[in-house]
Structure formats: C-alpha cells, structure tokens
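Submitted below is the structure of interest, expressed as structure tokens.
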Protein chains: 2
Amino acid sequence: MLSVVPKRTGEELDLLFGALADATRRGIVEQLAAGEATVTELAAPYSISLPAISRHLKVLERASIITRSQQGRWRSAQLSPTSLASAATWLTLHERLWAERFDRLDDHLARLTAGPPTLTETESQTPAKRGTP
Amino acid sequence: MLSVVPKRTGEELDLLFGALADATRRGIVEQLAAGEATVTELAAPYSISLPAISRHLKVLERASIITRSQQGRWRSAQLSPTSLASAATWLTLHERLWAERFDRLDDHLARLTAGPPTLTETESQTPAKRGTP
DNA sequence: ACAACACTTAACATGATAGTTAACTATAGC
DNA sequence: GCTATAGTTAACTATCATGTTAAGTGTTGT
C-alpha cells in the first residue's frame, strides 16, 4: 500500500551503474572493447547458459552501454560510444569533489598540529555539522 | 583472454557499482560531499523511513564508500577518501579505450565515404558529443 | 524440404533488495 | 531514575535479479 514515489531523477545512472555491478557484464564490456562480437563468442568465457548471456546483453543494451545488430542469424553486440560518459562524469566529479575536501582537511589538520595559524588562512574548513532545524 | 584491464577483485567493483546503482544512495553520497552528516540529517530529504536510510548507509559502508563514527548518540557518516577510485578508474579507462576505438572507426569511415583522402582529414580528435544527450 | 545452427522467449526456482512497522539499545538531559 | 532522542535490529512483504531448462523463431546449408 505504500505509495512509491516514482523515481525519475537519475534513472539513467541507475541503469548504468546497475549494469556495471555484475562481473559477467563487466567482462562482456571488456571483451567488447576489443571489438564487436557475437553472442556465442561473448558467452565462451563463462560457464553460464546462453539465455543468461542473452539477458545480460539485454541489460547492457537497456543501459545504453551496447548496441546490437543482426546479420543473418548472427547477432553481434558492440559498445555504444557515449555510454559510460555520464557514469564516468558522475564518478570523477564526485571523486574530485571529495578528494579536494580531504586535501583541505589534511591541510587544516596539518596547520592545527603544526602550531599557530598564519594570518591569511581560513579557519572555516572544519567538517561542520549542519544543524537540524 | 584479452584482459585489457588489470583484474582487481571483481567483488569490490560489484559492491561499488551496486551501491551507486540507487538514486537514494547517490543522493546520500552527494550530500556527504558537503561534509559529514548524521543519519537523521541524511534522511531528511527523503520520504523513506529511518531504518531504510540506515540500511542504505550499511550498503555504502560495505562498499567502502563511506566510513562511520559515533560520538555520543549521534552516528555520523563521512566519505571515504579512496572509495570511488577503483570504479572511476575502471570507467574512465574503458571509456577512453573505446572512445579511441570509435574515433578510429569514425576516422576510417570518414576516409571511406569521403573519396580520396585530403591533407588534414585525419585530425578529428573529438567525438561529436560528450556527456548526457 | 529439412536438419543444424544461433540465438531469443517462456516458465520457473531462488536469492538479493528495498521498503515497511515494531521492538530494542544506548546516550542526553532533567 | 525517568524520559525523550538517535539510531539499529528484527520480522515481514513485495519486487527485482540471476540462473536454470524447454520450447520457439528465424537463417544457413545440403
């Protein structure tokens, strides 16, 4: 009965990260980095059934990580050019953001333990907790 | 096997990407990028129960994205400095790998369809679009 | 035409996720 | 000591994910 709020924001990232959260799918992506491949070729390294691979491919396709094409009875998968961009962007952005945070924190701690602060330096870098209203 | 990428423990990436495959958890991470926060502070933007948040935090902790500490009855979460590194590495590495592939393919197709190659035709370095379409 | 091939779809078992409410632990403050 | 506060754990439910086998679709080759 609970009303689930429809998740619209970041659904793309849900699919992207979700698709990459599986070792088999990451393996497929790595394999495809060497060039397009058919389903059986992609399945070869794994000990799981072909339908399972087929579904992994569907997941990757839904996440826009790969595209698929058919020639004759062979269906090949190939990496989509822009696919990982948004995930990579999110990650690197946040990684950089808090790397900076930690740099500043390190810096701050260094100053704290090194003696009296100098004049030009700000003291506002403590990880202050936001007060709850 | 190709294995272009140094195999780290796939388990680690499973946990990392899996943790990021949820909008609430990404939201928490974004919130924590502004500084450490308590559980109720982190829960505030969401309409889900506190136990649900508590479990999201556990997932993030298991993925080594955050660490947690306790002072008094408040438990705060803070981002772990190195956490996203391996995920970001994997992504950017692969993105670059196949971006290059597509660049070369573009290049190749351009030459094929353009007739006799001209002087500086091969200098297109940038894929047409980057980022989220 | 028909058999082998390359998949996909269907139906199902099972385990993981994500949410709930209720009860519990532990600290803060009077 | 008592009570409110901060958060976790427990028990349960619903949905999603991943795998299986069996059957179906369409193509290739004799």
Side-chain angles (χ1 to χ4, degrees), chain A residues 1-11 13-29 31-32 36-63 65-78 129-133, chain B residues 10-11 13-29 31-32 36-63 65-78:
Chain A
M1 287 314 134
L2 55 125
S3 65
V4 176
V5 176
K7 286 198 228 169
R8 299 182 146 275
T9 313
E11 196 165 321
L13 285 174
D14 280 22
L15 291 174
L16 259 171
F17 283 125
L20 295 175
D22 181 282
T24 302
R25 285 194 291 266
R26 285 196 307 276
I28 289 175
V29 168
Q31 209 174 335
L32 286 177
E36 77 177 321
T38 66
V39 178
T40 29
E41 284 168 357
L42 291 171
Y46 306 99
S47 50
I48 62 179
S49 67
L50 216 53
I53 296 290
S54 195
R55 275 220 290 192
H56 280 308
L57 290 176
K58 208 177 269 185
V59 171
L60 289 169
E61 187 179 20
R62 200 161 108 83
I65 292 176
I66 66 172
T67 59
R68 314 195 58 184
S69 55
Q70 180 169 1
Q71 29 191 346
R73 63 181 151 175
W74 290 270
R75 298 166 199 226
S76 60
Q78 49 273 143
K129 301 193 330 182
R130 292 181 300 279
T132 311
Chain B
E11 185 79 23
L13 286 174
D14 280 21
L15 291 174
L16 259 171
F17 284 124
L20 295 176
D22 181 283
T24 303
R25 285 194 292 264
R26 284 196 306 276
I28 289 176
V29 167
Q31 208 174 336
L32 286 177
E36 77 177 319
T38 66
V39 177
T40 29
E41 284 168 357
L42 290 171
Y46 306 98
S47 51
I48 62 180
S49 65
L50 216 54
I53 297 290
S54 195
R55 280 221 294 194
H56 280 308
L57 291 175
K58 209 177 268 186
V59 172
L60 289 169
E61 187 179 19
R62 200 162 105 84
I65 292 176
I66 66 171
T67 60
R68 315 196 58 185
S69 55
Q70 180 168 1
Q71 27 191 346
R73 62 181 152 174
W74 291 271
R75 296 166 199 227
S76 60
Q78 49 274 141

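These figures come from a predicted structure and were not determined experimentally. Here is the naming used below: chain letters follow the sequence lines, and residue numbers restart at 1 for every chain.
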Check: Which of these nucleotides, dA10(C), dA6(D), dT20(C), is closest to any side-chain atom of Trp74(B)?
Finding: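 Nearest to the side chain of Trp74(B) among the choices is dA6(D).
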
Next item on the list: Send over the distance from Lys58(A) NZ to dA17(D) P, rounded to a whole Å.
Entry: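 Taking atom P of dA17(D) as the reference, NZ of Lys58(A) is at 13 Å.
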
Item checked: Interatomic distance, Arg55(A) CZ vs dT20(D) P [rounded to whole Å] ->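 For the pair Arg55(A) CZ and dT20(D) P, the rounded distance is 10 Å.
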
Next item on the list: List the atom of Ala21(A), the atom of Arg26(A), and the distance in Å for their closest heavy-atom pair.
Entry: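 Heavy atoms only, the tightest pair is C-NH1, 3.8 Å.
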
Next item on the list: Starting from C1' on dC7(C), measure out to OH on Tyr46(A) and report it in whole angstrom.
Entry: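 After rounding, the gap between these two atoms is 18 Å.
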
Item checked: Test item: Gln70(B) side-chain N/O and Gly72(B) main-chain N/O as donor-acceptor pair under 3.5 Å ->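 Side chain of Gln70(B) to backbone of Gly72(B): a pair is present.
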
Next item on the list: Starting from C1' on dA6(D), measure out to CD on Glu36(B) and report it in whole angstrom.
Entry: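 Spelled out: CD on Glu36(B) to C1' on dA6(D) is 15 Å.
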
Check: Considering heavy-atom distances to DNA chain C, does Gln70(B) or Ser49(B) have its closest nucleotide positioned more toward the 5' end?
Finding: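 Nearest-nucleotide comparison on DNA chain C picks Ser49(B).
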
Note to self: Rounding to an integer number of Å, can you tell me how far Arg75(A) CZ sits from dT8(C) P?
What the structure shows: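 So the two atoms are 5 Å apart, to the nearest Å.
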
Next item on the list: For side-chain contact (heavy atoms from CB on, under 4.5 Å), just list the numbers for Arg68(A) and Val39(A), CA-CA rounded to whole Å, side-chain angles, deciding distance to a tenth of an Å, and then say yes or no.
Entry: CA-CA 10 Å; Arg68(A) 314 195 58 184; Val39(A) 178; 3.3 Å; yes

Check: Is the shortest side-chain N/O distance from Arg68(B) to OP1 or OP2 of dT8(D) below 4.0 Å?
Finding: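 Indeed, a polar side-chain atom of Arg68(B) lies that close.
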
Check: Picking from dT8(D), dT28(D), dA28(C), which would you name as closest to the side chain of Ser54(B)?
Finding: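 Selected nucleotide (nearest to the side chain): dT8(D).
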
Checklist line | Closest non-hydrogen atom pair between Tyr46(A) and Thr24(A), with its separation | finding: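 Taking every non-hydrogen atom into account, OH-O, 3.5 Å.
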
Next item on the list: Send over the distance from Leu57(B) CG to dT17(C) P, rounded to a whole Å.
Entry: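 Roughly 16 Å, once rounded to whole Å.
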
Next item on the list: Measure from CD on Gln71(A) to P on dA6(C) and round the result to the nearest Å.
Entry: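 The distance from CD of Gln71(A) to P of dA6(C) comes to 14 Å, rounded to the nearest Å.
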
Notebook entry, point to check: Quick check: does any side chain N or O of Gln71(A) sit under 3.5 Å from a backbone N or O of Ser76(A), one acting as donor and the other as acceptor?
Noted result: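 No, Gln71(A) side chain to Ser76(A) backbone: no donor-acceptor pair under 3.5 Å.
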
Notebook entry, point to check: For the side chain of Thr40(B), counting heavy atoms from C-beta on, which of dT18(D), dA6(D), dC7(C) is nearest?
Noted result: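 The listed nucleotide nearest to Thr40(B)'s side chain is dA6(D).
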
Check: Does His56(B) have a side-chain nitrogen or oxygen under 4.0 Å from the phosphate oxygens OP1 or OP2 of dG19(C)?
Finding: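 Looking at the OP1 and OP2 atoms of dG19(C), one of them is under 4.0 Å from a side-chain N or O of His56(B).
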
Item checked: Any N/O donor-acceptor pair, Arg73(A) side-chain to dC7(C) base, under 3.5 Å ->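 No.
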
Note to self: So, OP1 or OP2 of dA18(C): does either fall under 4.0 Å of a side-chain N or O from Arg25(B)?
What the structure shows: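 Answer is yes, contact under 4.0 Å.
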
Next item on the list: Name the closest nucleotide to the Pro51(B) side chain, picking from dT8(D), dG7(D), dT20(D).
Entry: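 It is dT8(D).
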
Checklist line | Pairwise 5' ranking along DNA chain C for Arg62(B) and Ala52(B), keeping only the more 5' one | finding: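 Looking at DNA chain C, the more 5' nearest nucleotide goes with Arg62(B).
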
Notebook entry, point to check: Rounding to a whole Å, what distance do you find between Asp14(B):CG and dA16(C):P?
Noted result: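 So the two atoms are 13 Å apart, to the nearest Å.
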
